[in-house]
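Single-structure report; data block below.
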Amino acid sequence: MKVRTLELSVGVLMLAGIAALLVLAVKVSGLTFAASEPTYKVYARFDNIGGLTSRSKVTIAGVPIGRVTSIQLDPKDFRAKVEMQINQSVNYLSTDSSAMILTSGLLGEKYIGIQVGADDTMLKDGDIIEYTQSALVLEDLIGKFLSSQTKK
Amino acid sequence: MVSDNVIVRVRDMSFYRGERAIYDEVNIDIPQGKITAIMGPSGTGKTTLLRLIGGQLRPDAGVIEVAGKNIARMSRKELFAVRSRMGMLFQSGALFSDLSVFENVAFPLRVHTQLPEDMISDLVLLKLQAVGLRGAAELMPAELSGGMARRVALARAIALDPDIVMYDEPFAGQDPIAMGVVVQLISKLNKALGHTAIIVSHDIQETFSIADYVYVVADGQVLARGTPEELQATDQMQVKQFIQGLPDGPVPFHYPAMSVAEQFS
Amino acid sequence: MLDWVAGVGRSTLNIFTVLGRSGLTMYQALVAVPDWRVQFPLLVRQLYFVGVLSVIIIVVSALFIGMVLGLQGYTILVDYGSEQAVGQMVALTLTRELAPVVAALLFAGRAGSALTAEIGLMKATEQLASMEMIGVDPLRRIIAPRFWAGFISLPVLVAIFNVVGIWGGSLVSVDWLGVDSGSFWANMQNSVDFADDVINGMIKAVVFGAVVTWIAVFQGYDLVPTSEGISKATTRTVVYSSLAVLGLDFVLTALMFGDF
Ligand SMILES: Nc1ncnc2c1ncn2[C@@H]1O[C@H](COP(=O)(O)OP(=O)(O)OP(=O)(O)O)[C@@H](O)[C@H]1O
Ligand SMILES: [Mg+2]
């Protein structure tokens, strides 16, 4: 009897540990157990990524369609080359789409917003988005504002 | 020298604790199937000798052979195999404090045999009966008196009917009746099953009554050896003093120290 | 001066001797094909003493730490109008750092010291020696199940610590301070990555579990078998394992989250 309660409590502990891990996966990190969607790669070059990191979201109209997977500095033109994985189901990004670095809220995290263009040909795996708009850098903005004030 | 088969052979063995030689090139033979007593003043290293024979300590020089094999040269695995044929009653009893009396005695049976549960139970109760503690089977070691704990430990040491049993002070702390029972038990086990027994004890009467052979050790040396009769008849002063229990004589009762006069001046 | 250098040399040698001896001890205890019929019940028993009996202190501490994090996070973030980010803050702090570190420190104090004292007492009362003489290796029988129990228990306790702590954070910020529940959880889910944060935190837990239990069982096995020796070894277990946990945490954090 005593041995049984001992075994039982150990079993409960182990189950609680597994349950806790599940909660951490689903409720805390928002992991979904649907087989992760196949993705394709596209690149974009920015003058300034201003705080974008890998794992940042990629969105259309605010809806997530993929993630940034790596950011590299191109030593030839000193611009940032951003690699993104886009969900395979989003296969309607035209070649003249543009990518922007946006901020959620005033001080929130950076993410990439994509504006779909009008072209008939679509972006394929490994293509580059030509039209980009860099992150808004507050200092630049203030600098511009100040110089326009002084000119007056 | 005894001419019987020798099961434990100690040759030119030295053992040091720091600077102090506990043993200095001693030779001891333990004959097979006989009861050999090791006697000597407290603190001379009798427990140490048992541990050397059991392979828990290694001699600094010389050889200790058990059943013809050098115990210090054995691999861990061989050593544990040899030990499963040995039983040892520790001076402190050394019962497993988280197991009941029954489980303590059953422990060697469970680890070294595949016997079914009811047979283990029978064997354990039989051994406990032999030491007069069958009724205490379900007690925990903490609930036993010192003498009872030692008798349980004795039952555990002989649970597997080992070839060699080493008893470290089996009579200490026993009342006269229990003492008689234990003396009987050791001698009966030896006669009936042919165990080799090594007894460390200070109780001259009891030990001499069952021992076939006696070693007296002191100061890292074997002072005397022989049958109980030979020792009782000896005119060696040191042995006489020890056997008769006189505090003053050639055998030092005190742990080595500076002289009393020096210390208290 | 020369004495001082010699002293440094001597302590270095001592440290390596102890490390070597403890490594050898663990090697002898763990490197063997276990006989599961014997080992499994022993392991379950130790999981009870090491794991189950530590649950209460883990849960209570996790609850309070989560609540404090929620409260502090709220008071800081509310100034910037981004109090919904408190969920993200609580979850990241807990999963990456606080849960493994605090749980390991508590574990060292609760289970580690008990292991040292227990094994030490077995040694002092010659139980280990008598087991050896019965022909059973105490390293396999006593040390190994205790080590594995600690190794398994700590990650389990850390997972529980995480969940309880996050729940405590949500209790304070959502239920009491009125942070919007939807954005609290959404923010958390957006920023917490299972592999990078949760799993890395669990890897820390596994490492800490191994190190703390290793220190605890070795200190018990190697101590001087007297009451003074036991009390000293118990203290050493807590001190050494706390230092080891904090030091290793820095190294692991640098490896996992640092950019080099
Ligand atoms: N672990 C140890 N470290 C250092 N010295 C020890 C240790 N164990 C025992 N000794 C010393 O070894 C000597 C012999 O000890 P041992 O226990 O063998 O004596 P003994 O003959 O069994 O005595 P007693 O009859 O009192 O049991 C003692 O003087 C003791 O001081
Ligand atoms: Mg002794």
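Just so we're on the same page: letters track the sequence lines, and every chain starts at 1.
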Let me have the donor-acceptor pairs involving side chains of residues 48-67 of chain C, under 3.5 Å, with sequence neighbours excluded, atom names and distances please.
{"unit_1": "C:Ser54", "atom_1": "OG", "unit_2": "C:Val50", "atom_2": "O", "d": "2.7"}
{"unit_1": "C:Ser61", "atom_1": "OG", "unit_2": "C:Ile57", "atom_2": "O", "d": "2.5"}

Considering only residues two or more places apart or on different chains, which pairs with a residue in residues 93-102 of chain C satisfy salt bridge (Lys or Arg N to Asp or Glu O under 4.0 Å)?
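Of all non-adjacent pairs touching residues 93-102 of chain C, those that pass salt bridge (Lys or Arg N to Asp or Glu O under 4.0 Å) are C:Arg96-C:Asp197, C:Glu97-C:Lys204.
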
Segment of C:Val198 engaging chain A (4.5 angstrom heavy-atom cut-off):
side chain

Chain A heavy atoms under 4.5 Å from C:Ile199: which part of the residue, side chain, backbone, both or neither?
neither

Report the option among C:Thr95, C:Asp193, C:Leu47 that has the most heavy-atom pairs separated by less than 4.5 Å from atoms of chain A.
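Highest number of pairs under 4.5 Å: C:Asp193.
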
Heavy-atom side-chain contact between C:Leu42 and C:Arg141 under 4.5 Å:
yes

Does some side-chain heavy atom of C:Val78 sit less than 4.5 Å from a side-chain heavy atom of C:Leu177?
no

With C:Trp148 via ring pair (Phe, Tyr, Trp, His ring centres under 6.0 Å) - residues at least two apart:
C:Phe151

For the residue pair A:Asp96 and A:Ser94, confirm or rule out a side-chain donor-acceptor distance under 3.5 Å.
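Yes, side-chain donor-acceptor contact under 3.5 Å.
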
With only heavy atoms counted, which part of A:Val23 is less than 4.5 Å from chain C, the side chain, the backbone, both or neither?
side chain

So for A:Lys57, is it side chain, backbone, both, or neither that comes closer than 4.5 Å to the heavy atoms of chain C?
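The answer is the side chain of A:Lys57.
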
Identify the residues of residues 154-174 of chain C whose heavy atoms come closer than 4.5 Å to a heavy atom of chain A, ordered by number, or report 'none'.
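Only C:Val156, C:Leu157, C:Ala159, C:Ile160, C:Asn162, C:Val163, C:Ile166 of residues 154-174 of chain C have a heavy atom under 4.5 Å from chain A.
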
Please rank A:Leu13, A:Ile18, A:Val12, A:Val28 by heavy-atom pairs under 4.5 Å with chain C and give me the top one.
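Going by pairs under 4.5 Å, I would pick A:Val28.
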
Value rounded to 0.5 Å, distance of CD in A:Gln72 from CZ in A:Arg45
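Answer for the CD-CZ pair, A:Gln72 versus A:Arg45, is 11.0 Å.
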
